[in-house]
Each structure stands twice: as structure tokens, then as C-alpha cells.
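Residue numbers begin at 1 in each chain, while the letters A, B, ... track the order of the sequences. Reckoned from all heavy atoms, side chains included, excluding hydrogens, waters and symmetry mates.
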2 protein chains.
Amino acid sequence: MTVLESSKANTQPNSSSNTNCEFIKGILAGSNMEEASRYFKAISHPLRLKILCVVGVGEMSVQDILKTVGTTQSNVSQHLCLLKDKGIVQSRKEGNRVYYSIKNETIKKILGSQ
Amino acid sequence: MTVLESSKANTQPNSSSNTNCEFIKGILAGSNMEEASRYFKAISHPLRLKILCVVGVGEMSVQDILKTVGTTQSNVSQHLCLLKDKGIVQSRKEGNRVYYSIKNETIKKILGSQ
DNA sequence: TAAGAATATTAGTATAAGCTAATATAGTAT
DNA sequence: ATACTATATTAGCTTATACTAATATTCTTA
């Protein structure tokens, strides 16, 4: 059950404004807004969104990613690093190359719900 | 059809790596990453996420919002302003008070998919 | 009309993000 | 070993975010 659903379910029609605030406040305290927003933040950059769409299709090397999204090697590398740090993508080394793919299923869901 | 779906559907099994890059590149060019990432950015702050969860339950006055999320009046007001600018929430004035509610349905979907 | 409440706006400041350019590291092939 | 390719890291700079404190605006009510 999401935050929205759980708070809707328990809203009494005759509850005072203040009680309702307190109730929702309790729900918010239980949800991890910090963590959720960290995920959203990670994907809230046009280049990272592109990278995720590209990598979402399937595992891809950095070379191919940067050819596809069109920026510098350093820039892609830094964004990939950030995405990996947040646990959104994972990487696998094969010889000279590093292949990236999406690690986190939630991200796929979110990208699909656009 | 989302970006992920459309690019998956057309991936030929025998296509070379380069052709695939070009293909995905075309899809990316057609999608509006700038706009999508602007949405994600808007909700990628813990306080704004809280506000959206609160307001997602139903229309709520600024007073009640700030009692619920717990910060200063100015801070809430600035975040609400940002959310309104991006077309994510809408406001309605009634006497002394201003009531906010979620305008954008996509946001509800995204919040639900967490 | 003066006081009070609710909301918005502004200015100033601190911190975070994002980019480029340069350099480092690691693997491959000659 | 040397040169080359792929990727990562670092430093420096610029711009964007986010907060606080103060002030402005708008509405209500005595």
C-alpha cells in the first residue's frame, strides 16, 4: 500500500482538520521520504534518464552508451558512477570494457509509468 | 508505449551493436527527456515529496500542510510555488486561505509506483 | 480603519550539481 | 616493453538549489 492509499483509507469524514494532520503526519514519519526522493533525484537529470532508457533495453558498454546519448566520456562516466552509487545500475567488467545494466526494478517501474 | 518498451520491441536479434545504438538514439531523440526529467526533479526533494503525499490525500490549506510536514511557512510556500510552476499542483483561494491539490495525474501514478 | 492571520515574495548566504579539461588506471595487442 | 583503447578519477569553475530572516500583500474582523 502506498502512502497515498493508506492515508486515504483512514480519513474519517467527520474528523477535524487538526486530527487529520496528525494522522497523515504519522504516516509520513513511517515512510522514508529521504530515500524515495534520493531515487527520484538520481533519475531527474536528462542525461541520466537517457542513460537509464538506453541501459534499460539491455546491458551496454560505456562506449556504446556514450555514442548513443552523445556527450563526453568523462561526463557519462561520472553519471554512471552516481547511478551505481545509488544502487540503480550495476556494472560488469569484461576485458577492456565495462558493461552497465539496470539493477533496481523499482526504477524500471517508474520509467514505465511516465 | 514507453521508451523502454518501444526500443525493446524493435531490437533485431542479429543487429550489430552500432546499428542498435543508432536505433535507440532515434527513439531518444523523439522522447522528451528534458520534460520528463523536469517532473522527476520536481518531486526529488524530501519536503516536496511529503507535500505531494499530503496534498495527494485531498485538497489542503497551506496552514495544514505546514503543520503536517513540519517546516517554516516561507519554506513551504516556496516549495508550493515551485510545484505550481511545474504544473504539478494547483491552488484555489478561499477567503484568507489558499488550498492546494494535485493537478497532474502522472505524478499520482509515479507516487503510486514507489 | 487598525490589528491580526494567512500567504507570498525578496534578499542574502551556504551548499550541491554539473560541466570541461587534464590525468590516472587497467587491459590489449604489437 | 610500448603504444593504444576503454574507463575512472580529480581539480577547478560556474550555475542551480535550498534555507533563513525579513518584509510585503491580501483578507478578515473588531
If hydrophobic clusters are built from ILVMFWY residues whose side chains come within less than 4.5 Å, do B:L66 and B:Y99 share one? no

Length of the line joining B:F40:CZ and D:dT17:P, which is rounded to integer Å: 17 Å

Please determine if a side-chain N or O atom of A:Q63 lies less than 4.0 Å away from the OP1 or OP2 oxygen of D:dT7. yes

What's the verdict on side chain to side chain contact (heavy atoms under 4.5 Å, CB included) for B:K103 and B:I88, showing C-alpha distance, side-chain angles and the deciding distance? CA-CA 5 Å; B:K103 183 180 183 185; B:I88 291 172; over 6 Å; no

Would you kindly give the CZ-to-P distance between A:R92 and C:dG27, to the nearest whole Å? 15 Å

Return no unless some side-chain N or O of A:K41 is found under 4.0 Å from OP1 or OP2 of D:dT17. no

If I take atom OH in residue A:Y99 and atom C1' in nucleotide D:dA8, what distance separates them, rounded to the nearest angstrom? 17 Å

Rounded interatomic separation in angstrom, taking CG from B:L80 and C1' from D:dA18: 15 Å

Among D:dT7, C:dA8, D:dT9, which is the nearest nucleotide to the side chain of A:Q78? D:dT9

Decide yes or no on side chain to side chain contact (heavy atoms under 4.5 Å, CB included) for B:S61 and B:E94, but give the supporting numbers first. CA-CA 10 Å; B:S61 73; B:E94 192 179 307; over 6 Å; no

Could you check whether any side-chain N or O of B:S77 sits under 3.5 Å from a backbone N or O of B:S74, counting only pairs where one atom can act as donor and the other as acceptor? no

Would you say C:dA16 has OP1 or OP2 under 4.0 Å from some side-chain N or O of B:H45? no

I'd like to know if B:S74 reaches the base of C:dT9 with its side chain such that a donor and an acceptor end up less than 3.5 angstrom apart. yes

Among D:dT20, D:dT9, C:dT7, the one nearest B:T71 by side-chain distance: D:dT20

Please determine whether a side-chain nitrogen or oxygen atom of B:H79 lies at a distance below 4.0 Å from atom OP1 or OP2 of D:dT17. no

Looking at C:dA6, I'd like to know if its phosphate oxygens (OP1 or OP2) sit under 4.0 Å from a side-chain N or O belonging to B:Y100. no

Ignoring backbone atoms, test whether B:N96 places a side-chain nitrogen or oxygen under 4.0 Å from the OP1 or OP2 oxygen of C:dA5. no

Whole-Å distance separating the CG atom of B:L83 from the P atom of C:dT7: 16 Å

Considering heavy-atom distances to DNA chain C, does A:G95 or A:R48 have its closest nucleotide positioned more toward the 5' end? A:R48

Between C1' on C:dA8 and CG on B:L66, what's the gap in Å once rounded to a whole number? 13 Å

State whether the distance check finds a donor on one side and an acceptor on the other, under 3.5 Å, for side chain A:Q73 versus base D:dA6. no

Within one Ile-Leu-Val-Met-Phe-Trp-Tyr cluster: A:L47 and A:I43, side-chain cutoff 4.5 Å: yes

Rounded to whole Å, how long is the line connecting atom CG of A:N75 with atom P of D:dA11? 18 Å

Between P on D:dT5 and CG on A:D64, what's the gap in Å once rounded to a whole number? 16 Å

Which is more 5' along DNA chain C, the nucleotide nearest A:L47 or the one nearest A:K93? Just name the residue. A:L47

Taking the side chain of B:R97 as heavy atoms from C-beta outward, which of D:dA18, C:dT7, D:dA6 is closest to it? C:dT7

Under 3.5 Å, side chain of A:R48 to main-chain N/O of A:A42, donor-acceptor pair present? yes

